Amino acid sequence: WSQALLSESLMLLVRRSALGFGGVARWGLRCLYSGDAAGQYQDTVLLPRTDFPMRVTGPSLLEREIQIQQRCGFDQLYTWQREKKAKKEYCLHDGPPYANGDPHVGHALNKILKDIRNRFEVLRGRQVHYVPGWDCHGLPIELKALGDLGTNELTPLQIRQKAREFAERAISRQRAAFQRWGVMAHWENCYYTFDGKYEAAQLKVFQDMHNKMLYRFLLYSLSLRAVYITFPLLTLPAKLAAKAGAWGDVSALIWTTQPWTIPANQAVCYMPKVQYSVVKRADNEQLLLVASECINSLASVLKTNLESLATFAGSDLEGGVCQHPTIPAKQAPLLPANHVTMTKGTGLVHTAPAHGMEDYGVATHFNLPVECIVDEEGRFTELAGPELQKKSVMTEGNATVISMLQAVGAIVKEEDCVHSYPYDWRTKQPVMIRASKQWFINTASLKDKAKDALQKVRVIPESARSSLLAMLDRRTYWCISRQRSWGVPIPVFYHKETGEPLLNKHSVTHIAKVFSEKGSDSWWTEPVETFLTPEVLQKSKAGAVSDYVRGEDVLDIWFDSGTSWAAVLPESDPRADSYVEGKDQVGGWFQSSLLTSVAVRNKAPYKALVIHGFAVSEKGEKMSKSVGNVIDPDVVINGGKDLSVSPPYGADVLRWWVAESNVFSEVQIGPNALNAAKDSISKGLFKPAQMWATETQPYL
């Protein structure tokens with residue numbers, strides 16, 4: 001990398017001083033004149049005369065720069081070097097930038113850094129394989145494309161069309177900027193994740209992974225009134241029954257900020273290693289089962305004294321069974337769980353497996369039913385009962401549940417509550433948790449193989465390797481399904497009666513062929529018979545085509561971009577020499593590419609990872625429009641509205657800024673940094689290459 005940046009420094013100086021001999025000639029004249037104070041020898045110095053300017057600034061700088069690019073054939077360099085015979089090939093795989101906005105200085109840092117390395121490899125006599133690409137699917141693009149229109153009034157095809165048009169406009173702007181920066185690439189053959197052939201390659205990877213580690217189960221997607229509710233004990237735990245004597249009826253007391261989830265209750269959980277007590281209220285002699293350390297806070301909330309009748313270990317509650325407060329025929333066992341806390345509430349937790357992550361874990365462990373009583377529109381289904389069916393859970397549905405609890409005397413206390421709670425960042429509304437079936441990759445089964453593959457990869461800087469490994473350790477599964485319109489459809493059909501998925505190598509291979517020819521819009525435009533042909537149904541040992549409906553989920557965009565190795569890298573050696581991206585991709589594209597490649601091929605898709613820092617302001621601050629410290633690369637090159645404040649520097653200064661920076665840390669940019677780069681070019685200083693030689697010594 002130090003040699004590559006030295007090469008870039010030299011080439012910049014040549015481009016700035018030449019296109020001819022004039023710049024160097026004038027420099028020689030100035031040297032001679034400095035020793036000829038009287039000027040008596042100036043007429044005896046015979047040098048070529050030229051119109052090449054002594055100093056190029058302002059608009060003429062931009063004109064001259066474009067002339068150089070055109071005369072030197074910058075746009076033909078990639079094709080030229082690909083046609084030239086070479087013994088070795090160098091492949092730098094381009095991580096696709098997201099097609100949702102204008103080019104920014106982070107793009108400049110990344111693209112120019114890649115270009116410096118690619119040009120260096122050309123100078124070494126190698127053929128460079130560099131195909132730029134774009135990540136085109138996903139929710140951010142869909143939301144920006146739709147603006148304030150919303151999705152209720154549009155069909156999936158209409159949404160996809162608007163999203164595609166938005167992405168294409170963003171790609172056009174970004175591509176023009178990258179070319180203006182002098183980036184050498186195969187611009188006539190870029191890759192796009194919405195291209196049919198790319199999508200077909202992606203489905204091939206999906207199919208290969210489905211055979212090994214793809215599965216489907218429930219996940220949660222959450223939308224405050226706090227209540228204390230009693231669950232009467234039908235069966236006292238054996239150890240508690242011996243102490244009960246003539247107490248009378250005892251009820252477990254729970255606290256929840258989600259009353260609407262009570263109809264879905266399947267259990268009441270306790271903490272085994274915590275002390276619990278049966279207490280008697282002084283105001284009405286009601287007997288309640290609560291955690292011992294919660295007694296004082298409860299007495300304050302209920303505004304009454306609580307007399308402790310007996311205290312025992314939480315483990316003694318094993319075997320107890322409660323009556324559901326609103327469903328007479330339903331019982332709720334007392335079960336141990338580690339997620340129970342004593343910071344709020346009563347030390348007993350109501351458990352609705354379909355509407356909470358910890359609750360779902362308890363249900364999985366104890367084999368409890370997982371019944372989702374809420375539909376995709378946030379309304380109660382028929383499973384919640386006729387009194388609640390079709391009511392919105394966050395409004396009238398929640399109020400109805402509270403009324404039902406009040407009617408049976410199950411509410412001990414009702415109060416407003418200030419409580420940390422998930423809100424949707426777009427609508428600013430509370431999120432409703434409900435269970436839905438999703439597609440997952442079992443990354444836990446891949447972890448050891450991925451770690452082994454990573455050991456064979458050179459990581460620059462080496463200190464980033466620990467972060468990559470830590471990310472692998474933390475990720476146990478990867479949810480790859482999304483409930484949106486703008487993306488690659490998951491190629492699955494479901495049986496209308498049983499809900500069983502039809503997904504196998506025969507069906508996916510045929511669907512991938514259709515996508516390659518017609519694009520993934522065909523999932524919505526073509527009839528089911530186009531995908532489930534008689535041959536596919538026969539090989540799949542499936543029923544009639546009329547028995548199936550197509551799935552509506554799309555693939556996660558990280559799966560989209562993470563399978564780019566399968567669609568873009570040369571077939572002769574589908575492993576890139578290097579991936580070069582910012583440090584945010586340690587948990588992003590580097591990971592998704594590694595996992596998909598290891599799953600299918602048992603090896604990493606890259607031989608080396610180069611991880612650079614972010615572009616920041618000269619104060620070291622993250623760039624933000626609200627702060628007003630954003631540097632626009634277009635303004636750097638062409639100047640702003642007020643040229644005295646934002647003068648045009650041209651593309652060479654932007655490239656030099658990258659070349660002289662220590663990209664392994666945060667890279668500062670601003671007037672001082674740009675002026676320093678400009679002076680370095682004008683004076684021919686080689687400081688950048690010297691610095692890089694020092695910085696990169698351990699990695700070369």
Side-chain angles (χ1 to χ4, degrees), residues 98 135-143 193 199 202-203 205-223 353-365 370 372 374-376 378 422-426 431-447 449-450 470-494 499-501 503 508 520 523 550-564 584-600:
Y98 202 48
D135 196 356
C136 310
H137 290 131
L139 181 61
I141 291 175
E142 185 174 325
L143 291 175
T193 60
E199 293 171 331
Q202 182 178 340
L203 292 192
V205 175
F206 176 86
Q207 170 56 32
D208 289 343
M209 296 184 70
H210 173 255
N211 293 335
K212 304 172 184 177
M213 61 201 63
L214 203 62
Y215 58 98
R216 187 171 179 247
F217 68 77
L218 291 169
L219 184 69
Y220 298 90
S221 52
L222 256 194
S223 272
H355 302 285
M357 289 299 293
E358 293 89 355
D359 304 43
Y360 181 78
V362 172
T364 302
H365 185 76
V370 181
C372 183
V374 181
D375 64 20
E376 293 180 356
Y423 269 68
D424 179 66
W425 63 273
R426 296 179 302 274
V431 183
M432 180 193 67
I433 293 183
R434 60 182 296 274
S436 59
K437 287 189 175 180
Q438 304 289 345
W439 288 96
F440 293 84
I441 293 172
N442 181 10
T443 49
S445 66
L446 281 174
K447 182 172 64 175
K449 290 182 179 179
M471 289 284 185
L472 287 172
D473 281 330
R474 288 199 294 269
R475 176 176 255 167
T476 55
Y477 61 83
W478 175 10
C479 179
I480 61 169
S481 52
R482 297 291 184 272
Q483 289 66 56
R484 305 299 305 182
S485 298
W486 182 229
V488 179
I490 294 180
V492 61
F493 288 84
Y494 297 100
E500 283 299 307
L503 175 62
V508 176
S520 59
W523 190 250
R550 71 192 91 201
E552 298 179 352
D553 294 346
V554 298
L555 286 163
D556 174 28
I557 57 173
W558 286 113
F559 192 88
D560 249 21
S561 59
T563 53
S564 60
D584 55 327
Q585 298 309 315
V586 167
W589 190 55
F590 293 157
Q591 288 276 329
S592 61
S593 299
L594 176 66
L595 291 170
T596 53
S597 181
V598 168
V600 175

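Along the sequence shown, residues are numbered consecutively beginning with 1. Note that the coordinates shown come from a computational prediction; the quantities given were computed from them, not determined experimentally.
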### Query
Gln438 and Gln483: side-chain donor and acceptor closer than 3.5 Å?
yes
Just do the side chain to side chain contact (heavy atoms under 4.5 Å, CB included) check on Ile480 and Phe206 with the steps written out, would you?
CA-CA 10 Å; Ile480 61 169; Phe206 176 86; 3.9 Å; yes
Result for side chain to side chain contact (heavy atoms under 4.5 Å, CB included) between Leu203 and one of Val508, Ile490, Asp208 points to Val508
- prompt: Any side-chain heavy-atom pair from Leu472 and Leu594 closer than 4.5 angstrom?
  reply: yes
*With the side chain counted from C-beta on, respond yes when Trp439 and Pro501 share a heavy-atom pair under 4.5 Å apart, and no when they do not.*
yes
What one should report as the nearest heavy-atom pair of Cys372 and His355 is SG-CE1, 4.0 Å
Review point. Does the Thr193 side chain pair with the main chain of Cys136, one donor and one acceptor, at a distance under 3.5 Å?
Key: yes
d(Ile557 CD1, Arg484 CZ) to nearest 0.5 Å is 12.0 Å
Note: Gln202 and Val488 closest approach over all heavy atoms is OE1-CG2, 3.7 Å
The reported gap from NE2 in His137 to CH2 in Trp486 (rounded to nearest 0.5 angstrom) is 4.0 Å
Rounded to the nearest 0.5 angstrom, the OG-CD distance for Ser592 and Gln585 is 8.0 Å
Requested in this report: Would you indicate whether the side-chain heavy atoms of Ile441 and Leu595 approach each other to under 4.5 Å?
Outcome: no
What one should report as the nearest heavy-atom pair of Ser481 and Asp553 is CB-OD2, 4.1 Å
What one should report as the nearest heavy-atom pair of Val370 and Ala363 is CG2-CB, 4.0 Å
Between the side chain of Ser593 and the main-chain N/O of Phe590, is any donor-acceptor distance below 3.5 Å? no
Parallel under 30°, tilted from 30 to 60°, perpendicular over 60°: which one fits the rings of Phe559 and Trp478?
tilted
Checklist line | Tyr477 and Phe440 aromatic ring geometry - parallel, tilted or perpendicular at 30°/60° bounds | finding: perpendicular
Interatomic distance, CD@Gln207 vs CE@Met209, rounded to 0.5 Å, equals 11.5 Å
Applying salt bridge (charged side-chain N to carboxylate O under 4.0 Å, His left out) to Arg482 and not counting sequence neighbours gives Asp556
Nearest heavy-atom approach of Pro140 to Tyr98 is CD-OH, 3.4 Å
When every non-hydrogen atom of Gly551 is compared with those of Tyr494, the smallest separation belongs to CA-CE1, 3.7 Å
